[in-house]
Amino acid sequence: MTTTYAPVDGLGADEPRARFHDLVAAEWIKLRSLRSTWIAYGATALAVIAFNAGTAYDTYNYWPARSAADRADYVRAGIPLQEAFTANAAMVMMLALGALGAVAIIGEYSTGTIRTTFAAVPARRSVMAAKTVVVTAVTSVFGAIVAGASFGLTQAILDRRDAGISISYPGALRVVVASALLAPVCAVAGMAIGSLIRHTAATMTVSVTVILVLPIAFTDGRHWSAVAGHATLYQAWSRLVEVGSPQTDFPWTTGGAWTVYAVWALTAAVLAVTSAGRRDQSCGRGIQGPDGPDRGPVHEGRPPLVPPPEFSGLP
């Protein structure tokens, strides 16, 4: 007698694939359901705005007696633009958002919930693409709020000394947009690093090195060092918020700085989306966890077939 098998409860029937907007909705639920996420975003926003407002308040508090001509020179020198979003505030936001972007992915790997996600949706790249979309959207809103609030608050403080500027002032909108976009670009970069490394400590170390240490290490003294430095996010932001033409041996344009933003964002997004498929699906292995691959692969095909209840064995 030939042994026959049947699917359990019809589970072998083809099921519809998860729609991308459903994956985006699921990732949004994951993100907003964590209270620690909003605490981290709130603390970062307060820290960045406080850095900028504190600098403007120092200028207001220690402002010497100035004539109208002196105040005009002060504005023309670009000081209000520099205080609208300071370098210290930019560093804080870059480091914090890089860490938050990394946590969005390594948090699932460290807790093991990524196994459940990939078992429910075998299309790993679609899951990572949805996660990237959610992180980018949330951090873009975050960056816009923080940069806009910083500009409005600092200029309101300086305006009490008749030194504030409006958003229509030449270069003001560029400063706000460049500062706001630091948030999503750094978050996606951190997410890409996390998806490649998948270890919390190592990810944070690499993130700090790439986002903060490298821009400081490169100088404008030599051509190769200047070009390498121009390819970093921090130096790109510095060029975009700079007033006038840079006084360096190897100057570059704001168009080049915007290009650096775009290249970083696109490269990071591609790495974040493709890393899961390459590492987790190769050679039929299981999902890569924080301590190595799981024992046994995650089943991605049709459900296993089992003997029907009436099967009684060979005659």
Side-chain angles (χ1 to χ4, degrees), residues 18 20-52 89-118 120-121 124-150 179-208 210-212 233 264-265 268-269 271-273 275-276 287-290:
F20 186 73
H21 70 269
D22 292 331
L23 298 179
V24 171
E27 293 300 328
W28 165 241
I29 292 174
K30 289 182 186 178
L31 183 65
R32 67 180 175 85
S33 62
L34 294 175
R35 183 182 303 175
S36 59
T37 299
W38 301 114
I39 294 175
Y41 277 110
T44 301
L46 291 176
V48 171
I49 295 173
F51 266 108
N52 295 324
M91 290 182 182
V92 170
M93 188 161 76
M94 292 175 70
L95 292 177
L97 269 295
L100 287 170
V103 168
I105 180 63
I106 61 177
E108 288 199 62
Y109 278 102
S110 62
T111 60
T113 55
I114 195 69
R115 301 185 185 95
T116 305
T117 299
F118 285 164
V121 185
R124 291 170 169 82
R125 292 183 179 179
S126 297
V127 172
M128 294 301 295
K131 189 181 293 291
T132 303
V133 168
V134 170
V135 170
T136 301
V138 170
T139 53
S140 295
V141 174
F142 172 85
I145 293 174
V146 172
S150 294
S179 301
L181 289 179
L182 271 181
V185 176
C186 289
V188 176
M191 186 176 172
I193 295 172
S195 64
L196 291 172
I197 299 177
R198 302 182 183 180
H199 294 266
T200 304
T203 297
M204 296 307 170
T205 300
V206 174
S207 180
V208 171
V210 171
I211 292 176
L212 183 60
L233 276 177
W264 270 75
L271 288 176
V273 171
S275 61
I287 297 173
Q288 182 77 17

* To do: In sequence, state the C-alpha distance, the side-chain angles, and the governing distance for Val208 and Leu95, and then conclude on side-chain contact (heavy atoms from CB on, under 4.5 Å).
  => CA-CA 6 Å; Val208 171; Leu95 292 177; 4.2 Å; yes
Atom pair [atom1]/[atom2] of [X] and [Y] - distance to nearest 0.5 Å:
X	Y	atom1	atom2	value
Arg198	Thr203	CZ	OG1	10.0 Å
Ser275	Ile193	OG	CD1	11.5 Å
Thr44	Ile49	OG1	CD1	10.5 Å
Ile197	Thr205	CD1	OG1	8.5 Å
Ser195	Lys131	OG	NZ	10.5 Å

Determine the minimum heavy-atom distance between [X] and [Y], stating which atoms define it.
X	Y	value
Ile106	Thr200	CD1-CA, 3.7 Å
Cys186	Leu233	SG-CD1, 3.9 Å
Ala268	Ala192	O-CB, 3.3 Å
Ala180	Pro184	O-CD, 3.2 Å
Ser126	Phe20	O-CE1, 3.7 Å
Ala130	Val24	CB-N, 3.8 Å

* Applying the side chain to side chain contact (heavy atoms under 4.5 Å, CB included) test to Phe118, which of Val121, Thr116, Ile114 qualifies? -> Ile114
With a 4.5 Å heavy-atom cut-off, do [X] and [Y] have their side chains touching?
X	Y	answer
Val210	Trp264	yes
Met128	Ile105	yes
Phe51	Met93	no
Leu182	Leu97	no
Tyr109	His199	no
Val127	Glu27	yes

* Asked: Just checking, any donor-acceptor pair under 3.5 angstrom between side chains of Lys30 and Thr117?
  ->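 The answer is yes; a qualifying pair exists.
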* Asked: Under the 3.5 angstrom rule, does the side chain of Thr139 hit a backbone N or O of Val135 as a donor-acceptor pair?
  -> yes
* Please lay out, stage by stage, how Met94 and Val185 fare under the test side-chain contact (heavy atoms from CB on, under 4.5 Å). => CA-CA 9 Å; Met94 292 175 70; Val185 176; over 6 Å; no
* To do: Report the residues that fulfil side-chain hydrogen bond (donor to acceptor under 3.5 Å, both in side chains) with Thr136, sequence neighbours left out, ordered by chain and then residue number.
  =>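 Result, side-chain hydrogen bond (donor to acceptor under 3.5 Å, both in side chains) vs Thr136: none returned.
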